[in-house]
Amino acid sequence: MQSDIYLDANATSAVLPAAIDAAAEVMRSSYGNPSSSHAAGMQARVLLDEARACARRVLGAGAGSLIFTSGATESIQTAVLSALCAVRARQAAGQPVGDLLVYGATEHKAVPESLAHWNAVLGTGLTLLALPVDGRGLHRLDILRELAPRAAMVCTMAANNETGVVSDLDGIDAVLRAAGGAAYWMVDSVQALGKLGLDLAATRIDYAPFSGHKLYAPKGIGMLYVRAGAPFTPLMAGGGQEGGQRSGTENMAGIAALGAVLAALEQGGTFRSHDQLAQYRERVAHALRAALPGVLFNAPFEGTLPTTLNFSVPGFSSKELLDLFDAAGVRVSAGSACSAAKAAPSYVLQAMQLPDWRCSAAVRMSFGPLADQAFIDEACQRIARCGEALRASGLLGPGDAVAGHDGVVQLSADGANSWLVLDAASRSAVVIDPLPALAVRIAGMLLGQRYRVRAIAASGAGPVNGAARASLAADLGELFDNVACDAHGWPIDSGSVQLGGGTTVPALALGEQVLARLAKDEVLPAGAYLLGRRSAAGLAAADVRFAFSGATAVPGGIDSSLPVAQLRAAVQRLAALMNRDTLLCPAVDPDGRFCTTLGTEGRAGGVLADLLAMQPRLARAALPPMDSVMHLEAGALERFLQTHPDAVLVDVREAYEHAAAAPAWQGRAVESVPLSRLVDRVAGWLAGEQRPLVFFCRSGNRSARAAQCLHRLGYQNAWSVAGGVALGARTLDKLAA
Ligand code: PLP
């Protein structure tokens, strides 16, 4: 099994072996309560005191206090509560106090959310104001200078978690001092620990939160430094632990583990130096530049943590890059909040005023100071493999032509489809129903494979999308036959072909295939295209493999609202032109059905049943509910594959993901069928013997959709690996070995 290359250290880190040992030892042997007065309690107290003393030395806490908390979020609450309680007391006493809560525009959400929360709960009525940053991500000190005299509290992180940008704390300190120093100052120091030198008591920082799990301690342990003399209000009251500043029996396992990390920091020798880490970053950046031409780093390396790289690659979404890296076993995160379908743009990069696409397409790679040469070597190799996978898939532009693929490609955006009809032998293609959101991607694919594009046309009743067509035409340049067309984008003087019913219609020859245009007329309420292999007689109904059918699943724009007589005529006409297994490819596909057939619709009491019975009702075939799709849980998968030696494993991830993961599949044939090629492959599966098909992908979502599509088309022997390679990996890898 390929090992993980974990490059998401700013999200959380592995636990230092010495920290695991320390925690285990506490749980095993020193499990006393440090508040107890017996020997077991005293042992625990010694441990607690030692960990705190070490933390104080490492942070330079001086006369300030250092309390253990559950993590940075709790520490931030405590700091904000403390400052705002003091503000409220001043307000009540009629003393001068600022009216602003100023926080850096790139702070972790825990900060503005806590400010808003406690401001509301305490009724302090202050105004929250985000302090802008400049293009390098540094706080705008000129603006802070204006705001500082009115600030009751100022929150400015030490280093940013998305970009690694290190704040100019000395500059901020000077501005606050010049303004009279009345504002309470919190510096979220989570990302600084272990990566930047800290000497807190030498500054006038009032509060500094820390989190254990960002530096090789477990989750659930953190710290808060409070400057001597800074106001303090406990968040938790109770047994008076932590000198009454944070009640509740201490998390001794967590404290012991964090203590071990801090001891390693203090002693040196465990973690890499700043210079060494900066060299590692340079190597990773070099690997990225070589693998992903055009990569842009979103923060200058100078002035950022040496362990963080944030970048965007033109033409790729962060989701695509994440999937690619994940396939190669490289765990990274989007530089922005990423939901399943779409990445929300990064507010951190937006605050730095980077172009929109870079804010939505960002990827963050971060490693910890424990990284070593071997780890960085392996990371660079995997990055190179990702670049090769993209190149082999023809996704890195015109210079990287690869062997063409015949057939039909489906590209989807927001429940709509664009279809590419590709003929490898003649290197010619037609784009059907181009969508603006997909234009750049489509152009990239066609340019990469150097297809000559014969038409860019719409299949339904409406005109072709002008913006998408223009964008494609511009990108394709001389590869596009930009001849005179009708409003649908169909070339006016295309050739023609005779169809099954004997009529002759306009058609484009694509090698041995032919794409015939059914125009909207008095029988058909909308147009459609039929694709199949041409014979001497023309395009026979039996040879029509695909029909591109516009807005409705059934070509010709047929829907149940049509008058019965027209409906009957239209259905009869279509039945004569294609066959029961012709794959109907819609332009609009909100349920993610991929395609259907007249046979399928008929079986489910839908179109074909109606067609045969000449009934006007046109209910669509119901999708089987997801839980009826055959999911193979990780445990069942191995058994299934042993008892079904004829089963075919089908990787439905993108071709570049499959290629990036390739070494894992040596020794076992795995078919790569990205969802964009599913419809093309479906025809062959439906026509063959029904061997078990075991679909898998990264998380189990895409494979479930593929299995569901096959089921609906009547192929019962289709399965999906639940949880994807993330969970089924052991079994799949075992088989690959
Ligand atoms: N502040 C920063 C800068 C962070 O990166 C994080 C973690 O993502 C937090 C605060 C919250 O830390 P915790 O998970 O310990 O609550």
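Both counts, for ligands and for their atoms, begin at 1 and track the order of listing. Quick note: numbers below take in every heavy atom, side chains included, and nothing from hydrogens, waters or symmetry partners.
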Inset, instruction - For K214 and ligand 1, answer yes if some heavy atom of the residue is under 4.0 Å from a ligand atom, otherwise no. - result: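 Yes; K214 lies near enough to ligand 1 that a heavy-atom distance drops under 4.0 Å.
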Inset, instruction - May I ask whether H213 places a heavy atom under 4.0 Å from ligand 1? - result: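 Judged by the 4.0 Å heavy-atom criterion, H213 does count as contacting ligand 1.
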Would you mind checking which non-hydrogen protein atom is closest to [atom], with the distance to 0.1 Å?
atom	value
atom 2 (C) of ligand 1	D188 OD2, 3.4 Å
atom 12 (O) of ligand 1	A72 CB, 3.3 Å
atom 11 (C) of ligand 1	T73 OG1, 3.6 Å
atom 4 (C) of ligand 1	H108 CD2, 3.3 Å

Answer yes or no: is there an ion pair linking [X] with [Y], defined by an N-O contact shorter than 4.0 Å?
X	Y	answer
R140	D134	no
R698	E654	no
E302	R136	no

Legend entry - Working for salt bridge (charged side-chain N to carboxylate O under 4.0 Å, His left out), residues D323 and R653: CA-CA 9 Å; D323 286 350; R653 294 176 295 180; over 6 Å; no
Inset, instruction - Please work out whether any backbone atom (N, CA, C, O) or any side-chain heavy atom from C-beta onward of K219 is under 4.0 Å from ligand 1, and answer side chain, backbone, both or neither. - result: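 The answer is neither; K219 stays 4.0 Å or more away.
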Inset, instruction - Classify the contact between N161 and ligand 1 as side chain, backbone, both or neither, using a heavy-atom distance cut-off of under 4.0 Å. - result: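 Side chain only.
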Inset, instruction - Test the R281-F301 pair against the cation-pi criterion, namely NZ or CZ under 6.0 angstrom from the six-membered ring centroid and within 45° of the ring axis. - result: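 Positive - R281 is close enough to the ring of F301 and near enough to its axis.
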Inset, instruction - Please say whether the positively charged group of K195, taken as NZ for Lys or CZ for Arg, lies over the ring of F271, i.e. under 6.0 angstrom from the six-membered ring centre and within 45 degrees of the axis. - result: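 No.
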Legend entry - Non-hydrogen side-chain atoms of T106 and E162 separated by less than 4.5 Å: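 With C-beta onward as the side chain, the pair stays apart.
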Legend entry - Heteroatom proximity flag, A110 to ligand 1, N/O under 3.5 Å: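 By distance alone, the answer is no.
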Legend entry - Nitrogen or oxygen of N10 less than 3.5 angstrom from that of ligand 1: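 No - when backbone and side-chain N and O of N10 are compared with those of ligand 1, no distance drops under 3.5 Å.
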Short list, please: which atoms of ligand 1 are under 4.0 Å from a heavy atom of [X]?
X	value
G71	15 (O)
Q191	5 (O)
M157	3 (C)
S211	13 (P), 15 (O)

Inset, instruction - Can you establish whether the number of heavy atoms outside H286 located under 6.0 Å from its atom NE2 is more than 12? - result: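 No, because the 6.0 Å sphere around NE2 of H286 holds 12 heavy atoms or fewer from other groups.
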Inset, instruction - Over 60° means perpendicular and under 30° means parallel, so classify the ring planes of F316 and Y656, tilted if in between. - result: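 Rings of Y656 and F316: perpendicular, as their planes differ by over 60°.
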